[in-house]
Amino acid sequence: MLFFAPYILTDMLHLRPQGNIPLWYDLILLITFAWTGAFLGLISLYLMQSLVRRGHSAWVSWLFTFAVLGLTGFGVYLGRFPRWNSWDVITNPSGLLLDIAGHFRHPVANASAFVFSALFALCLAAMYFMLVSIIEFRQEEA
């Protein structure tokens with residue numbers, strides 16, 4: 001989540017009635033923040049992809065984009081389930097790297113981690129393709 005933080009999309013798991021506050025209020029609030037965060041993150045990715053395309057090629061920029069989406073999916077998994085935080089890269093890098101290495105050393109035992117990561121990355125990719133389509137469509141009209 002160092003690049004952008006779509007982690008908030010998974011916070012829907014925590015929705016529960018809270019006293020007199022209607023559940024729909026929390027849902028609308030969470031969707032608003034999740035949509036805004038995801039949108040800004042995807043715009044950031046689009047800008048980064050544009051920079052990579054300028055310095056290299058369209059193919060390399062798409063390779064970069066898919067790598068970021070895949071790493072983001074895995075990063076969200078690391079935050080949601082083993083509960084790692086972005087600051088652990090600085091405060092506990094060895095623990096984080098050992099945990100990541102353990103996932104890759106035992107991929108069958110950690111299959112759900114890779115399935116979650118891939119599905120989350122695909123969700124982000126679908127959102128990203130919609131964004132790119134809108135931007136490209138607008139550029140063709142101009």
Side-chain angles (χ1 to χ4, degrees), residues 1-18 21-142:
M1 281 97 41
L2 293 171
F3 187 71
F4 69 97
Y7 178 84
I8 194 171
L9 294 170
T10 67
D11 280 345
M12 306 258 182
L13 297 171
H14 298 299
L15 278 179
R16 305 274 184 279
Q18 301 285 329
I21 301 169
L23 186 62
W24 57 262
Y25 178 82
D26 286 337
L27 178 64
I28 290 169
L29 195 63
L30 185 58
I31 288 171
T32 301
F33 288 123
W35 169 251
T36 302
F39 180 74
L40 292 173
L42 294 171
I43 290 290
S44 174
L45 180 58
Y46 181 80
L47 294 173
M48 292 301 296
Q49 183 186 17
S50 297
L51 287 173
V52 172
R53 184 181 303 125
R54 258 188 262 152
H56 299 283
S57 68
W59 188 87
V60 171
S61 75
W62 279 106
L63 188 63
F64 166 80
T65 299
F66 288 122
V68 167
L69 292 171
L71 289 171
T72 300
F74 190 62
V76 170
Y77 164 79
L78 290 172
R80 172 57 55 206
F81 299 104
R83 306 300 291 166
W84 288 103
N85 293 294
S86 296
W87 58 77
D88 288 318
V89 170
I90 307 270
T91 62
N92 189 6
S94 58
L96 177 59
L97 288 173
L98 284 172
D99 191 31
I100 292 170
H103 280 78
F104 284 93
R105 222 180 358 256
H106 307 288
V108 175
N110 295 294
S112 62
F114 296 108
V115 171
F116 175 89
S117 300
L119 290 175
F120 200 88
L122 284 172
C123 176
L124 290 174
M127 293 165 50
Y128 187 71
F129 290 143
M130 285 188 270
L131 174 71
V132 170
S133 296
I134 291 167
I135 292 170
E136 298 295 324
F137 178 74
R138 295 288 298 159
Q139 288 175 351
E140 287 177 13
E141 283 186 341

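What you see is a predicted model, and the numbers here were worked out from it, not measured in a lab. Note that the numbering runs from 1 along the sequence shown for the chain. Hydrogens, waters and symmetry mates play no part in the numbers below; they use all other heavy atoms, side chains included.
Here the OG-CG distance, from S117 to L71, works out to 9.5 Å after rounding to the nearest 0.5 Å. In this structure, the separation between CG on D26 and CD1 on I21 is 6.0 Å, given to the nearest 0.5 Å. In this structure, the separation between CG on L119 and OH on Y77 is 13.5 Å, given to the nearest 0.5 Å. With rounding to the nearest 0.5 angstrom, the OG atom of S112 is 7.5 Å from the NE2 atom of H103. The distance from the OG1 atom of T72 to the CG atom of L78 is 11.5 Å, given to the nearest 0.5 Å. Here the straight-line distance linking atom CG of L23 with atom CG of L30 works out to 10.5 Å at 0.5 Å rounding.
Aromatic ring orientation, F129 versus W62: tilted (interplanar angle from 30° to 60°).
Here F116 and F81 bring their ring centres to under 6.0 angstrom of each other. For F64 and H56, the distance between ring centers is not under 6.0 angstrom. Aromatic ring centres of F104 and F114 lie closer together than 6.0 Å.
Two residues are said to be in side-chain contact when any heavy atoms from C-beta on lie closer than 4.5 Å; I100 and F74 meet this criterion. The shortest distance between side-chain heavy atoms of M48 and V68 does not fall below 4.5 Å. Between N85 and T91 the shortest side-chain heavy-atom distance does not fall below 4.5 Å. With a 4.5 Å cut-off on side-chain heavy atoms, F39 and M127 do not count as touching.
Within 6.0 Å of the CD1 atom in I90, the count of heavy atoms belonging to other residues, nucleotides or ligands does not exceed 12. By the 6.0 Å contact criterion, CZ on F66 is enclosed, its count of non-hydrogen atoms from other residues, nucleotides or ligands being greater than 12.
Applying the ring-ring contact (aromatic ring centres under 6.0 Å, His included) test to Y46 and every residue at least two apart in sequence or in another chain returns nothing. Remark: R53 engages no residue in a salt bridge (Lys or Arg N to Asp or Glu O under 4.0 Å) (not counting sequence neighbours).
Closest approach of A121 to G70, counting heavy atoms only: CB-CA, 4.0 Å. Of all heavy-atom pairs spanning T36 and T32, the tightest one is OG1-O, 2.8 Å. Here the closest non-hydrogen pair linking P82 and D99 is CB-OD2, 3.7 Å.
Between the side chains of Y128 and Q49, at least one donor-acceptor pair of N or O atoms lies under 3.5 Å.
Side chain of D88 to main chain of W84: no donor-acceptor pair is present (N/O by atom type, distance under 3.5 Å, no hydrogens or angles).
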For the pair L45 and L69, evaluate side chain to side chain contact (heavy atoms under 4.5 Å, CB included) and give the outcome as yes or no after the intermediate values. CA-CA 9 Å; L45 180 58; L69 292 171; 3.7 Å; yes

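Checked against S94 for a side-chain contact (heavy atoms from CB on, under 4.5 Å), the options N92, L97, L96 give a single hit: N92.
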